[in-house]
Amino acid sequence: MVRRSFAVLTSAVLAAGLLASPAAQAAPSRQQVYADAAQEFGVPESVLLGVSYLESRWDTNAGTPSTGAGYGPMHLTDLRTAGKPGTHHDEGTEDARGDDARPALKPQAPTTAEPPAGLQTIDEAAKLVGQSVETLRSDATQNIRGGAALLASFQRNRPTAPADWYDAIAKYAGANNEAFADEVFETMATGVARTTDDGQHVQLKATPGVKPKDKAPTGVECPRRVSCTSVPAPYQELPKNDYGNHDKANRPESQKVTHIVIHDTEGYWDTAMQLVQDPTYVSWHYTIRSSDGQIAQHVATKDVAWQAGNWYINSKSIGIEHEGFAAKGTWYTEAMYRASSKLVRYLADKYDVPLDRAHIIGHDNVPGTTPATIPGMHWDPGPYWDWSHYFDLLGAPLKGFGLPGSSLVTITPDFATNQPAFVGCEKAGVPCPARGSGAVILRTEPRADAPLLKDVGLHPDGSNTTMGVSDTGSRVTTGQKYAVADRQGDWTAVWYLGQKGWFLNPRGARTASPSFGMVATPKAGLATIPVYGRAYPEATAYPAGITPQDVVPFPYTLAAGQKYSVGGVVGSEYYWATTFDPANHVVVKGKTKYVQIQFGHRIAFVKADDIRLVPAF
């Protein structure tokens, strides 16, 4: 009788809305949501988990779109809401070639860009599950159901064996990309577990019987087991004794490849393919697609692409574009991270490029060439590129190694919880979406409300550095190394553009790790030394008929007592390439030696004769 009375009372309370129902009290875990959706639509759970991981790593990203206009854990694409981009590379005004021996190259890009037809999968998914597209964008459970239904629609028969879903997986990313299916199978075979950005623990157990296809790309410079095609950039003569859109070379015999530069396209895939095939436009070596990790090679790695805004860096680097938008504050897909990391590892092995952040750099780490070019330098891939995860995939984790109290630190914030309050992603002055970032903000004093540092190169009018997403004047980024200038309580200061830059680095939640390496400091007796954006030879090294290039110092001060992390000692070089006939091209090598340093957010160079190298532990 008591039990019956209690049941009646409970039912009355629930009916009155005074007590949450058991279902409301304990919503199913994300793991259970995947299991339920897999069962509902007849998709093996491991397949559904594998596809979702390769798109989003199971994250929700607070309902914001990826660089490929995808939403939620299943990356259901909705261009209507994500929006169209403006111009290609609208995040700076630099001359991509960056060579003073030739006129500045500033070609016009299209003002509108039509996206690929596959960027509207959310409509079909919404129909299949009977929900609105708005719900699928914002509700993780319905998003997963929509993705499961869409995946099932690509499989006419419903086999139970995960290995039989290869073709459906390849179709899911929108381009029948077998490399995407291979990555999914590889992830399924090994298994993976992680905690998502909204605190859900999800696990994909190792799945027996699935095996990626082993295929070698033909006609392109790419690693095995990636989808890589050739979309050549034209080397073509143009009117008025001009030519484009890259330069022939013979690297590494002529010049050593020392850097790999990570870019984003600031446009969708189809637009990037259109632009790189325009002989009057700029060029880069590779592009990687967001949805499935498809790679296109445009320029042979032995040749020099016009990609980084600094001719010295161009001459000694390989540039890789990633479909995406630094300016919109969006996130990058796991499929793209994985394809890119495989490509970079392959190129680093081929050209002996160190796997560190002094040599695997963002476009935002490339220095200007002269004081005049600093303000217009591009800043992609932006503060939302996950360098920590990227280097984990490269097999070179950015953890930092050194003794406590080391005079050198590696920046290592937790990407998910580190969320700087940037503004201007979508509109000037408007806060960006709260999301994880590898960027750490520097301040003039050890307190959270202290002003940001000054960057007299980026802001030559004397205006302050801001929290604008494009303003790199007072920030450091994951993997970069800096010399410690001071410590005070939970705060650490590093040398940065001639100033002390303070950041919060408390015990138990470190944003930097102790490291060891070499630091550069001015030689005794030198009050200040000049800093440069390129390591060009002395004038006497140039042969007759080749104009010596000016070695112009930056407007910053590197004073006695300051120290900066060293990326290596390099010789001075200049690649004279001003004619269509590569037989007339000359690599000028001087006697001057330079040292690459981590000077601010970007790398820089100082003359070896001006500094002494000191070990830091």
Side-chain angles (χ1 to χ4, degrees), residues 91-92 326-327 329 362 364-365 367-368 371 374-377 379 382-384 409-414 417-478 480-506 509-512 528 531 554-565 597-604:
E91 83 284 12
D364 56 336
N365 306 133
I374 293 173
M377 293 298 291
W379 55 277
Y384 303 117
V409 292
T410 299
I411 306 302
T412 54
D414 178 75
T417 59
N418 179 54
Q419 299 185 358
F422 293 123
V423 299
C425 288
E426 289 284 355
K427 187 177 180 181
V430 176
C432 296
R435 74 166 73 255
S437 172
V440 174
I441 304 304
L442 300 180
R443 300 192 178 273
T444 54
E445 297 179 46
R447 52 186 177 83
D449 61 348
L452 304 182
L453 302 183
K454 290 276 191 178
D455 186 336
V456 297
L458 192 58
H459 300 282
D461 61 355
S463 59
N464 292 327
T465 302
T466 71
M467 286 299 293
V469 68
S470 63
D471 193 337
T472 60
S474 190
R475 72 176 70 155
V476 293
T477 302
T478 298
Q480 294 179 322
K481 289 185 178 183
Y482 293 89
V484 175
D486 203 350
R487 289 186 172 92
Q488 193 174 121
D490 287 340
W491 291 78
T492 298
V494 294
W495 290 114
Y496 188 97
L497 299 178
Q499 309 155 81
K500 286 185 180 181
W502 292 90
F503 63 93
L504 190 61
N505 189 29
R510 295 294 194 192
T511 50
T528 63
V531 183
F554 279 162
Y556 307 106
T557 299
L558 198 168
Q562 297 179 9
K563 298 176 182 179
Y564 293 87
S565 175
I597 60 173
Q598 188 65 59
F599 188 54
H601 185 76
R602 301 177 187 269
I603 62 173

> Can you check side-chain contact (heavy atoms from CB on, under 4.5 Å) on Tyr556 and Val456, steps first, answer last?
Replying inline: CA-CA 7 Å; Tyr556 307 106; Val456 297; 3.8 Å; yes

>> Working note: Thr465 + Asp455, criterion side-chain hydrogen bond (donor to acceptor under 3.5 Å, both in side chains); need CA distance, chi angles, decisive distance, verdict.
In response: CA-CA 7 Å; Thr465 302; Asp455 186 336; 5.9 Å; no

> What are the two closest non-hydrogen atoms of Arg602 and Pro367, and how far apart are they?
Replying inline: CD-CA, 4.0 Å

> How many angstroms lie between atom CG of Leu442 and atom NE2 of His601, to the nearest 0.5 angstrom?
Replying inline: 10.5 Å

> Should Asn464 and Lys454 be marked as a side-chain contact (heavy atoms from CB on, under 4.5 Å) after you check the CA-CA gap, both sets of side-chain angles, and the distance that decides it?
Replying inline: CA-CA 6 Å; Asn464 292 327; Lys454 290 276 191 178; 2.7 Å; yes

>> Strictly distance-based, threshold 3.5 Å: is any side-chain N or O of Arg487 a donor or acceptor partner for the main-chain N or O of Ala493?
In response: no

>> Looking at every heavy atom in both Pro555 and Ile374, which two are closest together, and how far apart are they?
In response: CD-CD1, 3.9 Å

> In terms of ring plane angle, is the pair Phe599 and Tyr564 parallel, tilted or perpendicular, where the classes change at 30° and 60°?
Replying inline: tilted

> Is it true that a side-chain atom of Gln598 and a backbone atom of Gly600 form a donor plus acceptor pair closer than 3.5 Å?
Replying inline: yes

> What side chain to side chain donor-acceptor pair (under 3.5 Å) pairs are there with at least one residue in residues 491-504, not counting sequence neighbours?
Replying inline: Asp486-Lys500, Thr492-Asn505

> How many angstroms lie between atom CZ of Arg475 and atom CZ of Phe422, to the nearest 0.5 angstrom?
Replying inline: 4.0 Å

>> Let's go through Thr557 and Gln562 carefully: what are the C-alpha distance in whole Å and the side-chain angles of both, what is the deciding distance for side-chain contact (heavy atoms from CB on, under 4.5 Å) to 0.1 Å, and is it a yes or a no?
In response: CA-CA 10 Å; Thr557 299; Gln562 297 179 9; 5.6 Å; no

>> Once rounded to the nearest 0.5 Å, what's the spacing between atom OG1 of Thr412 and atom CZ of Arg510?
In response: 9.5 Å

> Donor-acceptor pair, Thr511 side chain versus Leu504 backbone, under 3.5 Å?
Replying inline: yes

> How far apart are the closest heavy atoms of Phe503 and Ile411, and which atoms are they?
Replying inline: CZ-CD1, 4.2 Å

> With sequence neighbours left out, what residues match Thr472 under side chain to side chain donor-acceptor pair (under 3.5 Å)?
Replying inline: none

> Can you list the steps and then say if Leu497 with Leu453 is a side-chain contact (heavy atoms from CB on, under 4.5 Å)?
Replying inline: CA-CA 9 Å; Leu497 299 178; Leu453 302 183; over 6 Å; no

> Do you know the tightest heavy-atom contact between Val469 and Pro383?
Replying inline: CG2-CG, 3.8 Å

> Taking only residues at least two apart or on different chains, which pairs with a member in residues 431-446 satisfy side chain to side chain donor-acceptor pair (under 3.5 Å)?
Replying inline: Thr64-Arg435, Glu445-Arg447

> Are side-chain heavy atoms of Pro460 and Pro371 found at a separation under 4.5 Å?
Replying inline: no

